[in-house]
S.K.: 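Below is the structure I would like to discuss, written out as structure tokens.
Please read these numbers as outputs of a predicted model, since none were measured by experiment. By convention in this document, chain letters (A, B, ...) are assigned in the order of the sequence lines, proteins followed by strands, and residues within each chain are numbered from 1.
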There are 4 protein chains.
Amino acid sequence: MTKHPPKPSKARVSRQQILDAAAKCIALKGYDATTMREIAGTAKFLPGSIYYHFSSKSELFLAVNKEATKQIIDRVLLNLQGKTDPWERIKKACTAYLECLSEGNYYALVALTEFPRRRSTEMAKSLVQQREELEGIFRELVDDLPLERSINRKYWRLSLLGTLAWAMIWYKNEGDDVEHIATTFVDLLAHKTSS
Amino acid sequence: MTKHPPKPSKARVSRQQILDAAAKCIALKGYDATTMREIAGTAKFLPGSIYYHFSSKSELFLAVNKEATKQIIDRVLLNLQGKTDPWERIKKACTAYLECLSEGNYYALVALTEFPRRRSTEMAKSLVQQREELEGIFRELVDDLPLERSINRKYWRLSLLGTLAWAMIWYKNEGDDVEHIATTFVDLLAHKTSS
Amino acid sequence: MTKHPPKPSKARVSRQQILDAAAKCIALKGYDATTMREIAGTAKFLPGSIYYHFSSKSELFLAVNKEATKQIIDRVLLNLQGKTDPWERIKKACTAYLECLSEGNYYALVALTEFPRRRSTEMAKSLVQQREELEGIFRELVDDLPLERSINRKYWRLSLLGTLAWAMIWYKNEGDDVEHIATTFVDLLAHKTSS
Amino acid sequence: MTKHPPKPSKARVSRQQILDAAAKCIALKGYDATTMREIAGTAKFLPGSIYYHFSSKSELFLAVNKEATKQIIDRVLLNLQGKTDPWERIKKACTAYLECLSEGNYYALVALTEFPRRRSTEMAKSLVQQREELEGIFRELVDDLPLERSINRKYWRLSLLGTLAWAMIWYKNEGDDVEHIATTFVDLLAHKTSS
DNA sequence: TATGAATGAGCCTTCATTCAT
DNA sequence: CATGAATGAAGGCTCATTCAT
């Protein structure tokens, strides 16, 4: 007997539309500069309608952020499936991360550009919490690497994460594919010459 | 004949106060969430008074950003004085960069957290332009490094800049001094073991 | 042949629930500050459902007010049953009036606190009309009193009604019972010393 | 040397205009149904301008209420000047009270129609506090009356206040002058025949 | 009958900006 | 130079109401 997928009620569909619209707007203009009217317009709703699905702008934002980290994590886990070599695993994870930054996926951009520091204490806490699982995965991946004993794994990891995050600043969808870039970055830190 | 320091007219003093206040506010809450009233309040002016010194919010922001990059650049150049060894030079530059991120200097934080992408085309152009000189310095420093031929200097530089920028996310003014951190990061990419 | 009580159809029950909820909300916060959502919530309905029973907020309000005056009138008439002495009759009427103001009966509170003056002409007319029967009863009761010829019965009545209405401002359900209070008030105006 | 009255700065004038407009709107439609836009329009300001003088709708309302009680109190005290006979004094006070209810004075109407019970705890406290001074004056006036020992002064006072407050419901600016009405009311309770 | 979902007007408030003084 | 006062557009959010199911 097969398990039925949850019936996509009208509400669920609308929620998704709004979420997508919010992700796009926030990714492009930032949370503060994004208006509920814009989000509504992008989702083809009227302004008031959003509030049937989300009780406030901040709640909507938190939902977008949650979805964003979920998408990155899912992509990373997908890329890791069946891989066992530690170096290959971390390269695959980085590839996933960069794939998420490819144009068109606004969620990931939100997760990387909205700094918790700027939000209210309460929101900040939620944001940090949501991001923690992702960071945890990278921590494990780095811990599994056969690095020379003298190397500080914490800084190694921070360097890699910074390198990846910075890609959102300079990466344009032209030429170099993300897998190559990811490999190159890991190799730079791995003290190997990239292939 | 001695060189007179620029006479600190009342206007210049006020300008500086406003600039400082704006830097602080924008660093802490972001450009969009910062109001002219807040800036005025922080600088102990009334909102209208700002407009004697800056014609608009965006102009004020641009001025802050200019000052921000200037401060980083000055600090980097200061640290480079008298240094000739390429590895020492890049480490010193990184140290300067991280020093600027230390708590208390709001300017640097502005330069790193306000993404041009989010601004109008015109503002974005100005922002990118203002940051270019700083990037140029790092480009030269990297170009001067005796890296193995197989290494892609562009990605090497991007990795380093990302690593440094990411520090604003995790760096807290506790324990480890910035010089040590900077050295560690360069060594990680330099294929050396940090001391 | 027995008289069947009106069959409590589901609709009638719902109607009553909504009416009660509306009375409570309006009594506590006033018509303008009461939302259909609150009423629905209090009645354990969804907002849209109210509109099956009442075509608009104002219609619902009018229905509440009608019920409110009906309840006061019924109570007054009940208290008057079998009484023939004019002074006793008016005291009993006042007692009924004050009883209705006792905590728990939100209807009466609505009738006393929602001033027609504030409503649209049309609504105001309805409200005044609904209240007229009650006022008429008091007019008759006062007319039946053996007052000295020099006394202006209109002002006497207005004074009594004002006195009673004002009770909603200061009356707390503590100590003195309403019958005693009612008697006292009538005696004050009757030029007698209350017992 | 005469004392200069405080120079009516522009701000003070504006404040008064807004206050007057608010009093009128709130008197006619009630606090909840009155919008800041209406108040602004009535005062010939733009909506945003109000907030230069009052930080919120509720603060504005509290200011109106304060002014309202002040006006009634001032009028009462004025009418009491030079009067020493207790009966004459209370009649004069009632006259003042009714004068304030005359059409055109919207402040007094606000004070009588906006029940603290319906406001937030904080606002309610302010409202009650503001009204207390007025009530205190009437308490003293009643205490000074040579009433028969058997009469409960508290209920006597409450009856008079209710009688006066109720006037706002039925009083129309036609015919009978307020002094006559006030006298009549006091006489009704005073066990005298009105002149 | 009742509900889930959407509507669009309207509310309180804030904002960057202006300008006479 | 700086301010007090005003502006008017826009922002987040709520509301009475509707209607297909």
Side-chain angles (χ1 to χ4, degrees), chain A residues 9-15 18 32-40 43-60, chain B residues 9-15 18 32-40 43-60, chain C residues 9-15 18 32-40 43-60, chain D residues 9-15 18 32-40 43-60:
Chain A
S9 71
K10 207 171 172 189
R12 209 187 299 278
V13 170
S14 298
R15 215 188 120 92
I18 295 169
D32 292 309
T34 295
T35 73
M36 292 301 268
R37 278 164 175 77
E38 272 172 329
I39 296 174
K44 295 194 173 139
F45 278 84
L46 289 186
S49 307
I50 296 184
Y51 289 85
Y52 186 81
H53 301 276
F54 300 92
S55 69
S56 69
K57 192 188 179 188
S58 63
E59 199 213 278
L60 172 54
Chain B
S9 70
K10 208 169 174 189
R12 208 187 299 277
V13 169
S14 298
R15 211 188 124 91
I18 295 169
D32 292 309
T34 295
T35 71
M36 293 298 266
R37 267 172 181 72
E38 273 172 324
I39 296 173
K44 294 190 174 143
F45 279 81
L46 288 191
S49 309
I50 296 184
Y51 288 84
Y52 185 83
H53 301 275
F54 300 92
S55 71
S56 70
K57 191 186 178 189
S58 61
E59 200 213 277
L60 172 54
Chain C
S9 70
K10 209 168 173 190
R12 208 187 300 277
V13 170
S14 297
R15 210 187 125 90
I18 295 170
D32 292 309
T34 295
T35 72
M36 293 297 267
R37 266 172 180 72
E38 274 172 323
I39 297 173
K44 292 187 175 145
F45 280 82
L46 288 192
S49 309
I50 296 184
Y51 288 84
Y52 185 83
H53 301 275
F54 299 93
S55 70
S56 71
K57 190 187 179 189
S58 61
E59 200 213 276
L60 171 54
Chain D
S9 72
K10 206 172 172 188
R12 209 189 299 278
V13 170
S14 298
R15 213 188 122 92
I18 295 170
D32 293 308
T34 295
T35 73
M36 292 300 266
R37 276 165 175 78
E38 273 173 328
I39 296 174
K44 294 193 175 141
F45 277 84
L46 289 186
S49 307
I50 295 184
Y51 288 84
Y52 186 80
H53 302 275
F54 300 92
S55 69
S56 69
K57 191 187 179 188
S58 63
E59 199 213 278
L60 172 53

S.K.: Does a side-chain N or O from C:T35 land closer than 4.0 Å to OP1 or OP2 of F:dT14, or not?
M.R.: no
S.K.: Nearest nucleotide by nearest heavy atom, which residue falls closer to the 5' end of DNA chain F, D:P47 or A:S49?
M.R.: D:P47
S.K.: Less than 4.0 angstrom between a side-chain N/O of D:K10 and OP1 or OP2 of F:dG4, yes or no?
M.R.: no
S.K.: Ignoring hydrogens, what is the shortest heavy-atom contact between B:K57 and B:T34? Give both atom names and the distance.
M.R.: NZ-O, 2.8 Å
S.K.: Does D:S14 make a side-chain N or O approach to OP1 or OP2 of F:dA6 shorter than 4.0 Å?
M.R.: yes
S.K.: Send over the distance from A:Y51 OH to E:dA9 C1', rounded to a whole Å.
M.R.: 15 Å
S.K.: Would you mind reading off the distance between C:F54 atom CZ and F:dA16 atom P, rounded to a whole angstrom?
M.R.: 15 Å
S.K.: Could you pull out the closest heavy-atom pair between A:I18 and A:I39, with the gap in Å?
M.R.: O-CG2, 4.0 Å
S.K.: Let me know the distance between CD of D:E38 and C1' of E:dG10, rounded to the nearest Å.
M.R.: 11 Å
S.K.: Counting the atoms with a prime plus P, OP1 and OP2 as sugar-phosphate, which does C:S58 contact under 4.0 Å by heavy atoms, base, sugar-phosphate, or nothing?
M.R.: nothing
S.K.: Pick the closest DNA chain E nucleotide for A:I50 and for B:S55 by heavy atoms, then say which residue is nearer the 5' end.
M.R.: A:I50
S.K.: Look at the side chain of D:L46 and decide which nucleotide, out of E:dA16, F:dA5, F:dT7, has an atom nearest to it.
M.R.: F:dT7
S.K.: Given F:dT17, E:dA16, F:dA2, identify the nucleotide with an atom nearest to the side chain of C:M36.
M.R.: F:dT17
S.K.: Can you tell me if D:H53 touches the phosphate of F:dA6, counting only side-chain N or O atoms and a distance under 4.0 Å to OP1 or OP2?
M.R.: yes
S.K.: To the side chain of B:R37, which of E:dA16, E:dA2, E:dC12 is closest?
M.R.: E:dA16
S.K.: Quickly work out the A:I18 CD1 to E:dA5 C1' distance and round it to whole Å.
M.R.: 10 Å
S.K.: Roughly how many Å is it from CZ in B:F45 to C1' in F:dA5, rounded to a whole number?
M.R.: 19 Å
S.K.: Within less than 4.0 Å of OP1 or OP2 of F:dA2, is there a side-chain N or O belonging to B:Y52?
M.R.: no
S.K.: Please report, rounded to the nearest Å, how far the P atom of F:dG12 is from the CD1 atom of A:I39.
M.R.: 8 Å
S.K.: Need the pair for F:dT21. Rule: Watson-Crick or G-U wobble, both distances under 3.5 Å, any strand; none if unpaired.
M.R.: E:dA2
S.K.: Provide the Watson-Crick or G-U wobble partner of F:dA10, both distances under 3.5 Å; none if there is no partner.
M.R.: E:dT13
S.K.: Hey, which sits more toward the 5' end of DNA chain E by its nearest nucleotide, D:D32 or B:A33?
M.R.: D:D32
S.K.: Round to the nearest Å and state the distance from B:K44 atom NZ to F:dT3 atom P.
M.R.: 13 Å
S.K.: Can you give each donor-acceptor pair under 3.5 Å made by side-chain atoms of residues 47-55 of chain D, sequence neighbours left out, with the distance rounded to 0.1 Å?
M.R.:
| from | atom 1 | to | atom 2 | distance (Å) |
| --- | --- | --- | --- | --- |
| D:S49 | OG | D:L46 | O | 3.3 |
| D:S55 | OG | D:E59 | OE1 | 2.7 |

S.K.: Take atom NZ of C:K57 and atom C1' of F:dT17, then tell me their distance rounded to the nearest Å.
M.R.: 12 Å
